Amino acid sequence: MEPKIKIQDFSYNLPQERIARYPLEKRDSSKLLIYNNGMINQSVFTALPSYLPSGSLMVFNNTKVVPARLFFRKDTGAVIEIFCLEPVNPADYAVSFACCECCSWNVVIGNARKWKSGEVKLICDDTSSDASRLNLRAELVSKGDNNGSIVKFLWDSGHSFSEVLDICGRIPIPPYLNRDTEELDYERYQTLYARIKGSVAAPTAGLHFTDNVLQEVDNKGIVRENVCLHVGAGTFVPVKSEFISDHKMHTEPFEVSLEFLEKLCSLKQGQKVIAVGTTSTRTLESLYFVGVQCIENGKPGAVEQWEPYRKEYPYTMKESIGAIVGYLKANKIEKLVARTGIIIVPSYKFRVVDVLVTNFHQPQSTLLLLISAFIGGEKWKDVYKYAMDNGFRFLSYGDSSLLFRG
């Protein structure tokens, strides 16, 4: 049953000056809040490995942010911004990024009222530049509300669409930073371990990790593994309804290797799963319900928003994940590719994740609801009050927290 939760109950005062508009000089010099069994203290991120349970499995989201913002100009002079969300034709990310002449994407259009039809050209005043030589154009295929528009991109052959974005696009930093993308964002709004292109927002919990911190994680005997969930623009969409049950959650594609699923299945009693970020958490928890589908329907499918709340499921985590492993092996498939619209709110029963590394999130956001569900009840208020009283920096470029499940 869908929980009746008032979003107003998940509000707190976040002054503008507490939002970190820029990253710290060193990634791992951020503050670290530790919450465990009602106790709160603080340290620095370089010390994170010392607080992690030995022998754990630590899971990272290795998605890579793409320069998804493009600026075009009509013959009339009107500027049109196009924010790429996900590929439509071809629909596969890797195939779309490899296209060499044209492809179509689901997009958000800025200044949409000025563009009703026809073709627009990339804004590029330097005629000798690589961007100018690409001759990038955009053609309006269909226009919808919010993120419902489809645009076809065309460019002179010789470069893949991935290269086109690298040459012509801008990294889409969060709107609450209230500034334009700057040169430093191309490096710092990206995790060190980002590998698979597809996100329009960074999995920001991972922005704090350095090679030294990762080495200390390894030294602790913690196994590091990756999942990939491409973060969509929906991560910035505020909850506008009074009750969370009326909020439509965005769906995002994810993929997980068979090898990783087998490791998850083979965890021994007492071994913990540490998720780096809310996107890793949503992926890991979604796996349980994909496994349920394999058990009950014989094959995996998309995880719907309220699927976890409809009934009690009797299966253990190992039974559920084991069912995915069985399905993949039987069909000679090396990785699970699926979509999830899961929303994690108070009353949710966690099946996979025991420990969470995450930043501090916006008031009245679905991410704050996830934190509340993870540590239990009203305890998020204690954590956020401590962070506010002790000078922590908030949101994407802000400080970090290490939360143990309540």
Side-chain angles (χ1 to χ4, degrees), residues 34-39 41 47-61 205 213-227 229 254 256-296 300 303 307-309 311-330 335-336 338 340 342 344 346-358 370-377 379 401-406:
I34 303 99
Y35 175 90
N36 193 352
N37 196 29
M39 301 295 292
N41 55 66
L48 172 76
S50 66
Y51 294 97
L52 301 178
S54 299
S56 300
L57 179 67
M58 194 169 196
V59 183
F60 298 79
N61 182 5
V213 172
L214 292 172
Q215 184 59 58
E216 288 302 315
V217 169
D218 294 342
N219 294 344
K220 190 83 182 271
I222 294 168
V223 175
R224 287 192 279 134
E225 286 290 337
N226 295 310
V227 296
L229 179 140
F254 71 90
V256 178
S257 71
L258 172 59
E259 183 183 1
F260 167 74
L261 290 166
E262 289 178 317
K263 285 185 180 178
L264 203 53
C265 261
S266 64
L267 288 177
K268 295 181 174 62
Q269 185 81 26
Q271 281 186 288
K272 304 296 185 185
V273 175
I274 305 166
V276 177
T278 56
T279 60
S280 297
T281 300
R282 291 181 69 236
T283 303
L284 289 166
E285 292 297 321
S286 294
L287 288 176
Y288 176 84
F289 298 99
V290 172
V292 169
Q293 293 170 2
C294 288
I295 293 170
E296 297 186 348
V303 180
E307 193 168 338
Y309 307 87
K311 66 176 185 179
E312 279 291 324
Y313 296 96
Y315 317 108
T316 65
M317 185 269 279
K318 288 196 174 187
E319 287 172 336
S320 181
I321 305 301
I324 305 175
V325 170
Y327 173 85
L328 294 179
K329 284 185 171 181
K335 65 180 178 181
L336 170 73
T340 183
I342 193 173
I344 297 177
S347 81
Y348 179 85
K349 179 183 176 183
F350 284 85
R351 273 85 172 185
V352 184
V353 180
D354 302 296
V355 184
L356 171 61
V357 179
T358 188
L370 185 153
I371 300 307
S372 174
F374 192 76
I375 61 177
K379 293 171 186 173
S401 66
L402 175 64
L403 310 175
F404 289 78
R405 181 151 59 88

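Because only heavy atoms are used, hydrogens play no part in the values below, and waters and symmetry mates are left out as well, while side chains stay in. Given the structure is predicted, the values throughout are model-derived calculations rather than measurements.
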With sequence neighbours excluded, residues passing salt bridge (Lys or Arg N to Asp or Glu O under 4.0 Å) with R405: D354
Identify the two heavy atoms, one from C265 and one from G322, that lie closest to each other, and give their separation to 0.1 Å. SG-N, 3.3 Å
Can you name the nearest heavy-atom pair linking I344 to Y309, along with the distance? CA-OH, 3.4 Å
By salt bridge (Lys or Arg N to Asp or Glu O under 4.0 Å), K349 pairs with (sequence neighbours left out) none
Heavy-atom closest pair (S320 atom, V292 atom, distance to 0.1 Å) is OG-N, 3.4 Å
Supply the atom-to-atom distance I34 CD1 to N41 CG, rounded to the nearest 0.5 angstrom. 4.5 Å
Which heavy atom of L356 sits nearest a heavy atom of F374, and at what distance? CB-CE2, 3.7 Å
Can you tell me if R224 uses its side chain to pair, donor with acceptor, with the backbone of D218 under 3.5 Å? no
Could you tell me whether the side chain of T340 reaches within less than 4.5 Å of the side chain of F289, counting heavy atoms only? no
Distance in Å, I375 CD1 paired with L403 CG, rounded so as to fall on 0.5 Å steps: 5.5 Å
Beyond-backbone contact of I371 with Y35, side-chain heavy atoms, under 4.5 angstrom: no
Could you give me the CA-CA distance, side-chain angles and deciding distance for L336 and Y327, then say whether side chain to side chain contact (heavy atoms under 4.5 Å, CB included) is met? CA-CA 10 Å; L336 170 73; Y327 173 85; over 6 Å; no
Note, L287 side chain near L264 side chain (heavy atom, < 4.5 Å): yes
Quick one: CE on M58 to NZ on K220, what's the gap to the nearest 0.5 Å? 10.5 Å
Spacing of CG belonging to L328 relative to SG belonging to C294, to within rounding of 0.5 Å: 7.0 Å
When you look at I342 and Y348, which way does the side chain to side chain contact (heavy atoms under 4.5 Å, CB included) test go after all the steps? CA-CA 11 Å; I342 193 173; Y348 179 85; 4.1 Å; yes
Check: S401 side chain, T358 main-chain N or O, donor-acceptor pair, under 3.5 Å: yes
Could you tell me whether a side-chain N or O of E285 sits under 3.5 Å from a main-chain N or O of F350, the two making a donor and an acceptor? no
From the list T283, T281, V273, side-chain contact (heavy atoms from CB on, under 4.5 Å) with V352 holds only for V273
Pairwise distance OG(S280) to CD1(I274) - rounded to 0.5 angstrom: 11.5 Å
As an exercise, state the distance from CD1 of I321 to NZ of K263, rounded to the nearest 0.5 Å. 15.0 Å
Would you say CG of N37 has more than 12 non-hydrogen atoms from neighbouring residues, nucleotides or ligands within 6.0 angstrom? no
Check Y315 against E296 and note the closest heavy-atom contact, atom names and distance. OH-OE2, 2.9 Å
Going through the distances and angles, do N219 and E216 end up as a side chain to side chain contact (heavy atoms under 4.5 Å, CB included)? CA-CA 5 Å; N219 294 344; E216 288 302 315; 3.4 Å; yes
Charged N-O contact under 4.0 Å between E262 and K329: yes
Quick check: do F260 and V227 have side-chain heavy atoms less than 4.5 Å from each other? yes
Enumerate the residue pairs fulfilling side-chain hydrogen bond (donor to acceptor under 3.5 Å, both in side chains) with a member in residues 265-279, sequence neighbours excluded, ordered by first and then second residue. N61-T279
With side chains defined as the heavy atoms from C-beta onward, is the minimum distance between Y313 and E319 less than 4.5 Å? no
Mark yes or no for whether S372, through its side chain, and G377, through its backbone, hold a donor-acceptor pair below 3.5 Å. yes
Side chain to side chain contact (heavy atoms under 4.5 Å, CB included), that's the test. Do F404 and M39 meet it? Break it down for me. CA-CA 10 Å; F404 289 78; M39 301 295 292; over 6 Å; no
